[in-house]
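Throughout, protein chains are lettered first and strands after them, A, B, ... in sequence-line order, and every chain is numbered starting at 1. Predicted model, so just to flag it, every value in this text is computed and none were measured.
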2 protein chains.
Amino acid sequence: MTAWVRLLRSQQRIFKTVEGRLKQAGLPPLVWYDVLLELERSGDAGLRQRDIQRHTLLERYNVSRLVDRLEGAGLATRRPAADDGRGAVVTISPAGVAMRQAMWPVYEGAVADEVSAKLNDAELKILSGLLERL
Amino acid sequence: MTAWVRLLRSQQRIFKTVEGRLKQAGLPPLVWYDVLLELERSGDAGLRQRDIQRHTLLERYNVSRLVDRLEGAGLATRRPAADDGRGAVVTISPAGVAMRQAMWPVYEGAVADEVSAKLNDAELKILSGLLERL
DNA sequence: GCCATATTGTTGCAAGTGCAACATTATGTG
DNA sequence: CACATAATGTTGCACTTGCAACAATATGGC
């Protein structure tokens, strides 16, 4: 229980710091980064919304709305899936790639300050290994 | 960065599980537990809202509203602070104590399944020690 | 092929959260 | 004491999220 409470608190604190820095830099929230990164990795093939859902732990309806916002911001586009009349395929736009790149140094800097600066490489490796099993 | 992403994901996943179980049991969300526990610890003396804020990482306005809800649910009471005309002192009610006690086994059970079952005692100690430094 | 069931995605509504502005009281500095 | 500044808490508004219901298509069993 102690471990869990610390996991909870440290994540909340660091998450807030990261979000705060992104906002201060006039950038969108962290979850946009995750989705943009996955979209970028999937290239021209794009991603089904359900795949975004699986990767980000978002609910279906939140993926739906987040993609709405990404589309609205010109960072991604939706097109009907060729092989599945229900779903849509989402692909990143050049502006989306640019946005992810703009977010990266801010994100990376915050994590460097809040995580990398507080534990050495060996410790981070141990932490990483333990968290993977959760 | 790997460590951070795993910290983020594992916390999100476990947090969702805990919240889901509480909801399924007809109980309020996890943050209520945190606040009720702190109030219970503070006994009849109660707590200032700013102290709740510090302990839970909530924003001031969210503390204000959460206390509204606790009061509305009959789990806590607010009275003006004797030595500070601005603030209020929050105390837990018997129903609040009962609610915290009702939440505990559900909370504990979820953490047992999601955390304790996946790492042994020595590993939990190491994890705990590392997270404390974040 | 037909029909029950599952999967994928969307949306109206209620509830929670962030932001900025505000009211009120404390604190400190001259 | 007077006044600028800080601290505490609240609230209107916009935005986000959860829930439940829904529409549309896919899948599997007969």
Side-chain angles (χ1 to χ4, degrees), chain A residues 12-13 15-35 39 42 46-73 76-91, chain B residues 12-13 15-35 38-39 42 46-73 75-91:
Chain A
Q12 285 178 343
R13 204 184 53 72
F15 184 80
K16 272 196 174 185
T17 302
V18 173
E19 290 270 303
R21 291 217 203 165
L22 286 171
K23 183 162 296 181
Q24 193 174 1
L27 295 168
L30 189 47
V31 66
W32 287 40
Y33 184 89
D34 283 340
V35 174
L39 290 176
S42 74
L47 275 185
R48 294 293 301 270
Q49 292 189 191
R50 65 164 181 228
D51 296 325
I52 297 175
Q53 180 185 350
R54 272 186 210 117
H55 193 272
T56 58
L57 305 183
L58 288 169
E59 304 299 329
R60 209 180 300 134
Y61 46 80
N62 284 331
V63 173
S64 182
R65 286 158 171 161
L66 179 48
V67 173
D68 284 349
R69 285 173 225 142
L70 290 175
E71 244 190 334
T77 55
R78 234 195 294 233
R79 65 164 189 271
D83 58 333
D84 186 339
R86 294 167 300 184
V89 175
V90 186
T91 51
Chain B
Q12 285 178 343
R13 204 184 52 72
F15 184 81
K16 272 196 174 186
T17 303
V18 174
E19 291 270 338
R21 291 217 203 165
L22 286 171
K23 183 163 295 182
Q24 194 174 1
L27 294 168
L30 189 46
V31 65
W32 287 40
Y33 184 89
D34 283 340
V35 174
E38 287 308 307
L39 290 175
S42 73
L47 274 185
R48 294 293 301 270
Q49 291 190 191
R50 64 161 181 229
D51 297 324
I52 297 175
Q53 181 185 351
R54 272 186 210 117
H55 194 271
T56 57
L57 305 183
L58 288 168
E59 304 300 327
R60 208 179 305 136
Y61 46 80
N62 283 332
V63 173
S64 182
R65 286 157 171 162
L66 178 48
V67 174
D68 284 348
R69 284 173 227 142
L70 291 176
E71 246 190 332
L75 305 181
T77 56
R78 234 195 295 234
R79 64 165 191 271
D83 58 332
D84 187 337
R86 293 167 301 185
V89 175
V90 186
T91 51

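A straight line from CG of L66(A) to P of dT16(D) spans 10 Å, rounded to a whole angstrom. One atom, CG of D84(A), and another, P of dT27(D), lie 7 Å apart when rounded to the nearest Å. Rounded to an integer number of Å, the gap from CD of Q12(A) to P of dT17(C) is 11 Å. Put simply, CZ on R79(A) is 17 Å from C1' on dT8(C), counting in whole angstrom units. For the pair F15(B) CZ and dT17(D) C1', the computed distance is 13 Å after rounding to whole Å. Across the protein-nucleic acid pair, E19(B) atom CD and dC19(D) atom C1' stand 15 Å apart, rounded to whole Å.
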Short N/O separations, protein against nucleotides 2-7 of chain D, under 3.5 angstrom:
{"unit_1": "dA7(D)", "atom_1": "N3", "unit_2": "R86(B)", "atom_2": "NH1", "d": "3.0"}

Strictly under 3.5 Å: I want the nitrogen or oxygen pairs between protein and nucleotides 10-12 of chain D, one per line.
{"unit_1": "dT10(D)", "atom_1": "OP1", "unit_2": "R78(B)", "atom_2": "NH1", "d": "3.0"}
{"unit_1": "dT10(D)", "atom_1": "OP2", "unit_2": "Q49(B)", "atom_2": "OE1", "d": "3.3"}
{"unit_1": "dT10(D)", "atom_1": "OP2", "unit_2": "Q49(B)", "atom_2": "NE2", "d": "2.9"}
{"unit_1": "dT10(D)", "atom_1": "OP2", "unit_2": "S64(B)", "atom_2": "OG", "d": "2.5"}
{"unit_1": "dT10(D)", "atom_1": "OP2", "unit_2": "R78(B)", "atom_2": "NH1", "d": "3.1"}
{"unit_1": "dT10(D)", "atom_1": "O5'", "unit_2": "S64(B)", "atom_2": "OG", "d": "3.3"}
{"unit_1": "dG12(D)", "atom_1": "O6", "unit_2": "R65(B)", "atom_2": "NH2", "d": "2.6"}

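In this model, the phosphate group of dC15(D) is not approached by any side-chain N or O of R69(A) to a distance below 4.0 Å at OP1 or OP2. For dG16(C), the OP1/OP2 oxygens have no side-chain nitrogen or oxygen of N62(B) closer than 4.0 Å.
One end of the helix from dG1(C)-dC30(D) to dG30(C)-dC1(D) points its axis 30° away from the other end's axis, with each axis taken from 5 pairs and the angle rounded to 10°.
Under the rule for a side chain to side chain contact (heavy atoms under 4.5 Å, CB included), the partners of T77(B) that lie at least two apart in sequence or sit in another chain are T91(B). Listed by chain and number, the residues in a salt bridge (charged side-chain N to carboxylate O under 4.0 Å, His left out) with R86(B) are D84(B) (sequence neighbours excluded). Residues that satisfy the side chain to side chain contact (heavy atoms under 4.5 Å, CB included) test with R54(B), not counting sequence neighbours, are R50(B), D51(B). Scanning for side-chain hydrogen bond (donor to acceptor under 3.5 Å, both in side chains) contacts around Q49(B) gives R78(B), with sequence neighbours left out. Applying the side-chain hydrogen bond (donor to acceptor under 3.5 Å, both in side chains) criterion to R13(B), with sequence neighbours excluded, gives E114(B). With sequence neighbours left out, R60(A) forms a side chain to side chain contact (heavy atoms under 4.5 Å, CB included) with Q53(A).
Within residues 52-59 of chain B, the residues approached by DNA chain C to less than 4.0 Å at the level of any non-hydrogen atom are E59(B), in residue-number order. Annotation: proximity of residues 22-32 of chain A to DNA chain D (heavy atom, distance under 4.0 Å) is found for no residue.
Every pair passing salt bridge (Lys or Arg N to Asp or Glu O under 4.0 Å) that includes a residue from residues 16-34 of chain B is listed here, sequence neighbours excluded: R9(A)-D34(B), E59(A)-K16(B), R21(B)-D113(B).
Between the CH2 atom of W32(B) and the CG atom of L27(B) there is a distance of 10.5 Å, given to the nearest 0.5 Å.
Contact of the L66(B) side chain with the L58(B) side chain is registered, since non-hydrogen atoms from C-beta on lie closer than 4.5 Å. With contacts defined as side-chain heavy-atom distances shorter than 4.5 Å, the pair L30(A)/Y33(A) qualifies.
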